[in-house]
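Notes follow once the structure below has been shown.
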Amino acid sequence: MNDSVRQAMRESLLEDVRTEIEMAREGQIPPSWQYDRLEDLKQAAAKHWITEQEYSDLCAQFEAAVCSTRQITDQEYDRQIVADSAGNTLFCWNGKGNSLVTIERDGDGFTAIVYLDAQALGETARGCAEQCTRELQQYAAAHGFVPVQVTEQQCCAWCPPNHISTREEAFGYALAMLQSYIPE
């Protein structure tokens, strides 16, 4: 990596950290983001984008900002995302690392994304997949529909960013993908 790319990555990271420190002071950093930011700083130090001293200072500043006020929970953040989406986001779940399950309206259809960051979740990956499965099923029941059974072939065809025709199929896709994280 050349020096200009390294400098650009450094500046981008520092800008993100400054923004998130301000967000933390306002109570807007959910726990899943806290983990991600500290991991990003750790990786940046390992890649020599920032010095060890900068790493220590930024971690301390970030953690102090997080501790300065009550932070939004992951569930509150998810509800806020759904509320702010003008009805396009039907379901959103964020977990540790880059873990994400989201189902959104996509014009006349739907898009479903399921990704559990197994490395970040570690031994909790199975439990997270099971919890998210329950939340998806509860959402469907609360909104009066049943997700359809989805085949492996359909999962391959609907893998993002491909279009899924119905809400029931989108939820079925997400449930099928979550099952791949739950060994028999």
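We use all heavy atoms of the structure for the numbers below, so side chains are in, but hydrogens, waters and symmetry mates are not. The chain is numbered in sequence order, starting from 1.
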Can you see which heavy atom on [X] is nearest to which on [Y], and at what distance?
X	Y	answer
Ala45	Glu52	CB-OE2, 3.9 Å
Glu76	Arg70	OE2-NH2, 2.8 Å
Gln71	Met23	OE1-O, 4.4 Å
Leu116	Ala125	CD1-O, 4.1 Å
Ile103	Ala112	CG1-CB, 4.0 Å
Ser99	Asp117	OG-N, 2.9 Å

Q: Using distance alone, with no hydrogens and no angle criterion, decide if Gln7 and Glu11 have a side-chain donor and acceptor under 3.5 Å apart.
A: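 There is such a pair (donor and acceptor under 3.5 Å, judged by atom type) between the side chains of Gln7 and Glu11.
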Main-chain N/O of [Y] paired to [X] side chain as donor or acceptor, under 3.5 Å:
X	Y	value
Thr133	Ala129	yes
Thr73	Pro30	no
Ser68	Ala65	yes
Thr124	Gly127	no

Q. Mind checking what makes ring pair (Phe, Tyr, Trp, His ring centres under 6.0 Å) contact with His143, not counting sequence neighbours?
A.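 Only Tyr139 meet the ring pair (Phe, Tyr, Trp, His ring centres under 6.0 Å) criterion with His143.
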Give the cluster check for [X] versus [Y]: same hydrophobic cluster or not, with ILVMFWY residues linked at side-chain heavy-atom distances below 4.5 Å.
X	Y	result
Val17	Leu38	yes
Ile72	Val66	yes
Phe145	Val101	yes

To the nearest 0.5 Å, what is the distance between [atom1] on [X] and [atom2] on [Y]?
X	Y	atom1	atom2	answer
Leu58	Leu41	CG	CG	5.5 Å
Glu63	Arg37	CD	CZ	13.0 Å
Trp93	Thr102	CH2	OG1	12.0 Å
Arg105	Ile164	CZ	CD1	13.5 Å
Met177	Leu136	CE	CG	13.0 Å
His163	Thr111	NE2	OG1	8.0 Å

Q: Could you tell me whether Arg25 and Glu22 make a salt bridge, using a distance below 4.0 angstrom between a side-chain N and a carboxylate O?
A: yes
Q: Please determine if Arg126 and Glu130 form a salt bridge, counting it only when a charged side-chain N lies under 4.0 Å from a carboxylate O.
A: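 A salt bridge links Arg126 with Glu130.
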Q | Residue pairs passing the ring-ring contact (aromatic ring centres under 6.0 Å, His included) test where at least one lies in residues 101-137, sequence neighbours excluded | A |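 Of all non-adjacent pairs touching residues 101-137, none passes ring-ring contact (aromatic ring centres under 6.0 Å, His included).
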Q. Does any pair with a residue in residues 55-77 pass ring-ring contact (aromatic ring centres under 6.0 Å, His included), and if so which ones, sequence neighbours excluded?
A. Trp33-Tyr77
Under 3.5 Å, side-chain donor or acceptor atoms of residues 167-175 against the rest of the protein: list the pairs with distances, not counting sequence neighbours.
residue	atom	partner	partner atom	Å
Glu169	OE1	Thr166	N	3.2
Glu169	OE1	Thr166	OG1	3.3

Q | Phe91 and Cys132: CA distance, side-chain angles, deciding distance, side chain to side chain contact (heavy atoms under 4.5 Å, CB included) verdict | A | CA-CA 10 Å; Phe91 182 86; Cys132 191; 4.0 Å; yes
Q | Those residues that, when tested against Glu135, pass side-chain hydrogen bond (donor to acceptor under 3.5 Å, both in side chains) (two or more places apart) | A | Gln131
Q. Which residues satisfy the side-chain hydrogen bond (donor to acceptor under 3.5 Å, both in side chains) test with Glu26, sequence neighbours excluded?
A. none
Q) Run the side chain to side chain contact (heavy atoms under 4.5 Å, CB included) check on Ile50 and Met9 step by step: do they pass? A) CA-CA 10 Å; Ile50 59 175; Met9 298 301 287; over 6 Å; no
